[in-house]
Amino acid sequence: MLYLGIETSCDETACAIVEDGRRIVSSRLVSQINLHQQFGGVVPEVAARRHLEAINQLVEEVIGEAGLDLTTNPKSLSGIACTNGPGLIGTLLVGLSCAKALAWSYDVPLLSVDHILAHVCANYIDSDLEPPFVALVVSGGHTQIMHFRSYKEAEILGQTIDDASGEAYDKVARLLGLGYPGGPAIDRTAQSGNAAAFKLPEGVVPGYDFSFSGLKTAVMRLVENQRREHGDLLPLGDIAASFQDAVNRVLFRKTMDAAAKLGLDRIVLAGGVAANSDLRRRFESVSGVKIYRPALSLCTDNAAMVAAAAYYSGQPVDLSASAYSRRY
Ligand code: KG4
Ligand code: ZN
């Protein structure tokens, strides 16, 4: 079964066709990073307009590359799926409108896909992953530990009570003058630093919940103190490595605890922060548990994960379907 997926929840315009939720047939992505860099973050209106300029061509390209002719054989696609939330409402509506137009004009089923579940489904691509498993979803907007009992049943075991982990990476990177997006910049800068250089606090939150806002404030104080001592010659590598260590050790520990408590030996990493080299290394070094993480290009937003999610847990919707920015 072939599904076409569309992703426009934030600053990547993407379209892909995936077979049986596991194999990418064709995929295109246009990143808006360069566009938003000058503002230090994503400007929703600007993002929505750029999605609108890019999406139609991407759709044409993936259909062409897959060798499909929807005019003569619309049934070659089992469905057209689109992220309908959570995300930026204006950008989501661009993708959803495009998906509706395609579904209506070719008379193909329309499906909506949850962005968080889609990030997890990136792990089905080119892999043998099957539920049950524990998933750590770490992105710019979310930080959650989830228990996937089956392809369709997922329970949130814990989540951040304030900033998302990716948001913390982005804010600290801005503080250090490392630019946007902050996660990859911190990851790179930390390579030359000493993670034990500064003792930074983990947010103390019970259970599987997280808090990163206190850590962000602690880094702010540290930077102020360092500036007083060293002027503008900040030990960027050491600060980045110490911050990264504080975020990743709590993500790692709580995820491992959840898997142990549930007696599950499969752990899945998902979302943009799952591209972090230190986080990946921590999980890769454990034995007795099988770790799944997407290829780097499938950690951050993409449409292959949307098409994979359509196959496993897409919700059939009609043309009145709407987008939402937050779940609650
Ligand atoms: O999943 P994603 O593309 O978009 C959302 O759904 O939010 O995640 C983007 C987030 C950003 O906060 C970005 O800084 C972070 O993922 N990120 C990273 C890395 N690559 C991307 N964080 C840490 N290390 C990385 N290598
Ligand atoms: Zn995302």
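We count ligands from 1, going down the list as the structure has it; atoms in each ligand are counted the same way. These numbers come from a predicted model, not from an experiment.
- Assignment of P184 to the shell around ligand 1 is supported, since a heavy atom sits closer than 4.0 Å.
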| query | Can L117 and Y312 be said to form a side-chain contact (heavy atoms from CB on, under 4.5 Å), step by step? | reply | CA-CA 10 Å; L117 296 185; Y312 288 109; over 6 Å; no
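- Considering backbone and side-chain N/O of D170, one or more are found under 3.5 Å from N/O of ligand 1.
- Contacts between H119 and ligand 1, counted as non-hydrogen atom pairs separated by less than 4.0 Å, involve the side chain only.
- When distances from the Zn ion (ligand 2) to the N, O or S atoms of D301 are compared, OD1 comes out shortest.
- Counting only distance, with no hydrogens or angles, the side chain of E153 and the backbone of E155 share no donor-acceptor pair below 3.5 Å.
- D128 and Y292 share a side-chain donor-acceptor pair at under 3.5 Å.
- Considering backbone and side-chain atoms together, G272 places an N or O closer than 3.5 Å to an N or O of ligand 1.
- Atom OG of S26 and atom CG of L4 lie 7.5 Å apart (nearest 0.5 Å).
- Between N276 and ligand 1, a contact under 3.5 Å exists for at least one N or O pair.
- Between the NE2 atom of H115 and the NE2 atom of H119, the angle taken at the Zn ion (ligand 2) works out to 100° after rounding to 10°.
- Taking every heavy atom of G141 and a limit of under 4.0 angstrom, the matching atoms of ligand 1 come to 7 (O).
- Every atom of ligand 1 is numbered from 1 in the order shown, and the set under 4.0 Å from a heavy atom of H115 is 6 (O).
- A centroid separation of 6.0 Å or more is found between the aromatic rings of Y311 and Y124.
- Distance from atom 22 (N) of ligand 1 to its nearest protein heavy atom, with residue and atom name: G183 CA, 3.2 Å.
- Atoms of ligand 1 lying under 4.0 Å from at least one heavy atom of G140, given by number and element, are 5 (C), 7 (O), 8 (O), 9 (C), 10 (C), 12 (O).
- A salt bridge links E53 with R50: the closest approach of a Lys/Arg side-chain nitrogen to an acidic carboxylate oxygen falls below 4.0 angstrom.
- Among protein heavy atoms, the minimum distance from atom 3 (O) of ligand 1 is reached at D301 N, 3.0 Å.
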| Does the pair D278 and R249 meet the rule for a salt bridge (charged side-chain N to carboxylate O under 4.0 Å, His left out), with working shown? | CA-CA 10 Å; D278 174 70; R249 69 176 183 251; over 6 Å; no
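- If you look at F198 and F243, their ring centroids are not closer than 6.0 Å.
- Ligand-side atoms of ligand 1 in range of G166: 12 (O), range being under 4.0 angstrom from any heavy atom.
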| field | Full working for salt bridge (charged side-chain N to carboxylate O under 4.0 Å, His left out) between E130 and R266 | value | CA-CA 9 Å; E130 284 179 9; R266 266 165 274 177; 5.2 Å; no
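- Listed by number with element, the atoms of ligand 1 under 4.0 Å from a non-hydrogen atom of D187 are 24 (N), 25 (C), 26 (N).
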